[in-house]
Amino acid sequence: MRSVDARSGKLLRNLLFFSVLLLSLLVSLWAQAAEVTLAWDANTEPELAGYRIHYGTASGSYSVHLDVGNATTYRVTGLAAGTTYYFAATAYSAAGTESGYSNEVSHTVPPANRAPEAPRPPAGPATLPAGTTAVFTAAATDPDGDALNYRFDWGDGALSGWGESAAAHAWQQAGSFCVRAQAKDPAGALSPWSGCAAIAILAPPPPLDTDGDGVADTEDAFPEDPTEWADADGNGIGDNAQAAAAALAPAAPLPLFPAGDAEVDTVPELATDTFRPAADGAAHRLTRWQILRREDDALLFDFTSGTALTAIRVPKLVLEGGTPYCWRAQFFDARGRASAWSECAGFLTAAGVRDANADGIPDDQEPPATADLDTNGIPDRQETSIRTVRMEGSNVLIGVSIRESPAAIAIEAVESEDPGGEGGYVAEKPKKMPFGLINFRIAVAHPGAAVAVRLHFSEPVPRRGRWFKYNPIEERWVDFSAYTKFSADRRAMTLSLRDGGVGDADGVANGVIVDPAGIVEVEEEGLSAAAGGGSCFIGQAAEPGSGKGAFIAWPALALLVAMLGRRGGPSLRAGRAVCPAGRAQRFLRQRGWAIPSRRTR
């Protein structure tokens with residue numbers, strides 16, 4: 001029995017418990033038991049001596065009574081998991097008087113966490129080649145319904161990390177292994193390890209070697225050829241065959257001049273060392289020459305010659321002044337075997353001709369301001385589709401026009417030269433060359449384009465005047481009349497050219513046509529004469545479609561096919577005599593190099 005005095009009502013009114021929500025937030029769970037912390041507002045009566053907590057497992061029926069003293073919180077321990085408890089409090093005075101029960105609060109202690117059950121043996125393959133990745137899955141039941149994580153013991157000393165129910169592993173050694181799994185719930189409770197899932201790891205089969213050369217097909221560039229297995233340069237020819245062929249090929253040329261980044265003019269001569277044949281002594285038949293711009297490796301010159309074998313002269317306007325280049329060469333012997341390319345020897349061109357207005361015409365060859373060779377009423381110097389130049393050694397003007405050729409997009413440069421001048425560009429000047437030599441460079445819309453260039457003359461071309469192209473490589477002149485057509489008054493001429501083909505002196509379809517040529521006045525129909533009574537400059541241009549060459553600078557590949565496919569060597573040009581030449585040879589001989597003369601056929 002509790003004694004309650006008249007003031008107990010006041011005590012009861014001041015005894016305030018927190019809500020059930022607050023109570024539940026103060027619950028702490030432990031492994032085997034649970035506890036709850038109760039809190040209430042303090043009573044303000046001066047005669048208050050303390051408080052008692054009362055609780056039990058039925059509402060209003062309290063089996064446990066605890067004197068907690070004059071405190072406002074108390075932690076009740078030893079509660080059973082999964083049980084609901086009901087709590088109330090009373091206050092008592094120093095005289096022993098006790099208040100009635102406060103409002104009742106209840107709390108259900110959560111049930112104790114239970115560990116997951118052992119997973120079933122993991123599911124996965126029974127056999128696997130060594131080094132192959134396999135995926136295993138695991139499944140376990142949690143009595144509390146919690147989501148589970150898994151880890152795997154792969155049996156080879158490795159454990160997976162905790163993760164989802166599937167994991168992958170690769171065994172590197174052959175043998176038998178036991179794969180097990182373990183589960184974990186969110187509270188960290190672990191299951192026992194599962195039973196064993198056996199897996200047999202098989203040694204990998206030997207690699208397939210179809211041709212039996214000891215190199216696996218996966219590593220063999222020629223899996224069906226027992227004599228070859230590597231192709232280091234990726235050209236489709238086995239290294240063994242290539243090495244054997246190299247032993248029977250001529251040695252690569254050695255660039256002699258220019259080299260070592262020497263500075264030269266814009267029409268240099270290129271010279272190699274002598275030809276070194278293969279073991280069978282096959283003679284030197286062809287040389288291929290290339291010039292590349294160092295800045296972007298653009299191929300600017302590509303010419304294959306059967307006469308100028310160790311030294312050639314670069315055509316005018318192929319190279320620009322103040323620009324770094326490199327050149328290389330390749331030899332071919334009489335059996336059609338090619339040497340390796342030489343190294344690309346660097347050189348630098350000196351500053352070009354003065355051209356203050358950058359119109360592509362040297363300042364000292366600019367035409368009069370009023371010149372209008374195409375008679376369209378506009379001075380030529382005010383147009384871009386025509387470039388007119390004053391010809392050295394004469395009073396003649398020649399205009400180069402691309403107005404009638406949509407494939408030509410720009411006239412980049414035009415220069416003239418007196419072929420009889422001291423130290424001139426040409427050798428063996430024709431006896432009658434009334435207008436001198438003109439060189440021009442035209443940019444075309446796309447590599448390989450054909451253009452029709454219109455030439456305008458300030459005075460009529462003589463009746464016996466023909467268009468001859470100059471071949472600086474072989475230092476001779478070639479009749480190019482088959483590709484020209486004069487106007488009735490002979491004050492204009494249409495010239496047919498093709499980038500990398502007919503009439504292009506650089507020999508490569510690179511978007512630029514270079515053409516050195518001029519009017520030659522022949523003495524009789526079908527005959528020409530060189531200065532001094534010789535005729536070594538004579539050459540007959542091929543008719544269109546004939547397949548024969550003049551100074552037409554075919555694309556190098558087509559030229560090689562034509563040359564190498566003929567028994568006993570190619571006949572490059574019909575009706576010609578080639579003059580011995582060699583400024584580069586003379587240069588090298590003066591410096592003590594023994595250079596053989598260029599071969600002629």
Side-chain angles (χ1 to χ4, degrees), residues 265-269 312-319 352-353 355 360-367 373 387-401 411-442 453-462 464-481 483-484 486 492-493 495 497 503-506 513-522 528-532 534-539 541 550-553 579 581 583:
D265 61 25
T266 56
V267 286
E269 288 199 67
I312 65 167
R313 182 73 174 270
V314 179
K316 211 164 193 177
L317 298 187
V318 169
L319 306 180
V353 299
D355 180 14
I361 301 172
D363 291 347
D364 59 357
Q365 297 178 8
E366 289 280 2
L373 294 194
R387 286 285 183 261
T388 297
V389 65
R390 182 178 57 79
M391 303 302 293
E392 286 189 357
S394 73
N395 295 320
V396 176
L397 303 178
I398 297 181
V400 180
S401 172
I411 306 170
E412 294 186 340
V414 181
E415 293 183 12
S416 73
E417 182 172 344
D418 179 4
E422 184 69 22
Y425 169 60
V426 302
E428 301 295 334
K429 170 186 174 295
K431 189 172 183 180
K432 293 184 179 181
M433 198 170 185
F435 296 170
L437 179 73
I438 186 170
N439 301 272
F440 54 83
R441 184 174 68 238
I442 295 175
V453 178
R454 186 78 164 169
L455 299 184
H456 297 273
F457 304 94
S458 61
E459 59 183 64
V461 174
R464 293 188 182 276
R466 295 181 184 176
W467 192 248
F468 273 68
K469 299 185 74 66
Y470 178 62
N471 181 339
I473 295 173
E474 297 174 349
E475 296 185 342
R476 67 190 185 91
W477 296 82
V478 178
D479 190 343
F480 206 70
S481 301
Y483 298 93
T484 62
F486 284 97
M493 181 188 75
L495 178 61
L497 305 171
D504 185 6
D506 64 23
I513 294 175
V514 177
D515 186 26
I519 295 293
V520 173
E521 190 173 357
V522 298
S528 302
S535 59
C536 65
F537 72 96
I538 298 304
F551 181 55
I552 300 176
C579 299
R583 291 181 179 84

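These numbers were taken from a predicted model, which means no experiment stands behind them.
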Met493 and Phe457, any side-chain heavy atoms less than 4.5 Å apart: yes
CD1 on Ile398 to CE on Met391, rounded to 0.5 Å: 4.0 Å
With sequence neighbours excluded, residues passing ring-ring contact (aromatic ring centres under 6.0 Å, His included) with Phe486: none
Flag side-chain contact, heavy atom, 4.5 Å: Val514 against Arg441: yes
Pairwise side-chain contact, Pro472 with Lys316, heavy-atom cut-off 4.5 Å (strictly under): no
Counterpart residues, ring-ring contact (aromatic ring centres under 6.0 Å, His included), relative to Phe440 (two or more places apart): none
Ile519 side chain reached by Trp467 side chain, heavy atoms, under 4.5 Å: yes
Minimum-distance pair of heavy atoms, taken over all atoms of Pro434 and Ser394: O-CB, 3.7 Å
Set of side chain to side chain donor-acceptor pair (under 3.5 Å) partners for Arg387, sequence neighbours left out: none
Pairwise side-chain contact, Glu415 with Val389, heavy-atom cut-off 4.5 Å (strictly under): no
Approximate separation, where rounding is to 0.5 Å, of Ile442 CD1 and Ser401 OG: 9.0 Å
Gap between atom CD1 of Ile361 and atom OG1 of Thr388 - 0.5 Å precision: 6.5 Å
Any residue meeting side chain to side chain donor-acceptor pair (under 3.5 Å) with Arg390, in chain and number order, not counting sequence neighbours: none
Any Tyr470 side-chain heavy atom under 4.5 Å of Glu417 side chain: no
Sequence-distant partners of Glu459, salt bridge (charged side-chain N to carboxylate O under 4.0 Å, His left out), two or more places apart: none
Heavy-atom side-chain proximity of Leu455 to Thr484 below 4.5 angstrom: no
Worked verdict on Asp355 versus Asp363 for side-chain contact (heavy atoms from CB on, under 4.5 Å): CA-CA 5 Å; Asp355 180 14; Asp363 291 347; 3.8 Å; yes
Residue pair Lys432 / Arg464, side-chain heavy-atom distance below 4.5 Å: no
Set of residues satisfying side chain to side chain donor-acceptor pair (under 3.5 Å) with respect to Ser416, sequence neighbours excluded: Gln365
Non-neighbouring partners of Glu392 that pass salt bridge (charged side-chain N to carboxylate O under 4.0 Å, His left out), sequence neighbours left out: none
Asp364 atom CG, neighbour heavy-atom count above 12 within 6.0 Å: yes
Ser458: partners by side chain to side chain contact (heavy atoms under 4.5 Å, CB included), with sequence neighbours left out: Leu373, Val396, Leu397
Those residues that, when tested against Asp265, pass side chain to side chain contact (heavy atoms under 4.5 Å, CB included) (two or more places apart): Val267, Pro268
Leu497 CG to Ile513 CD1 distance, which is reported to the nearest 0.5 Å: 5.0 Å
Heavy-atom pair of closest approach, residues Val453 and Val400: CG1-CG1, 3.6 Å
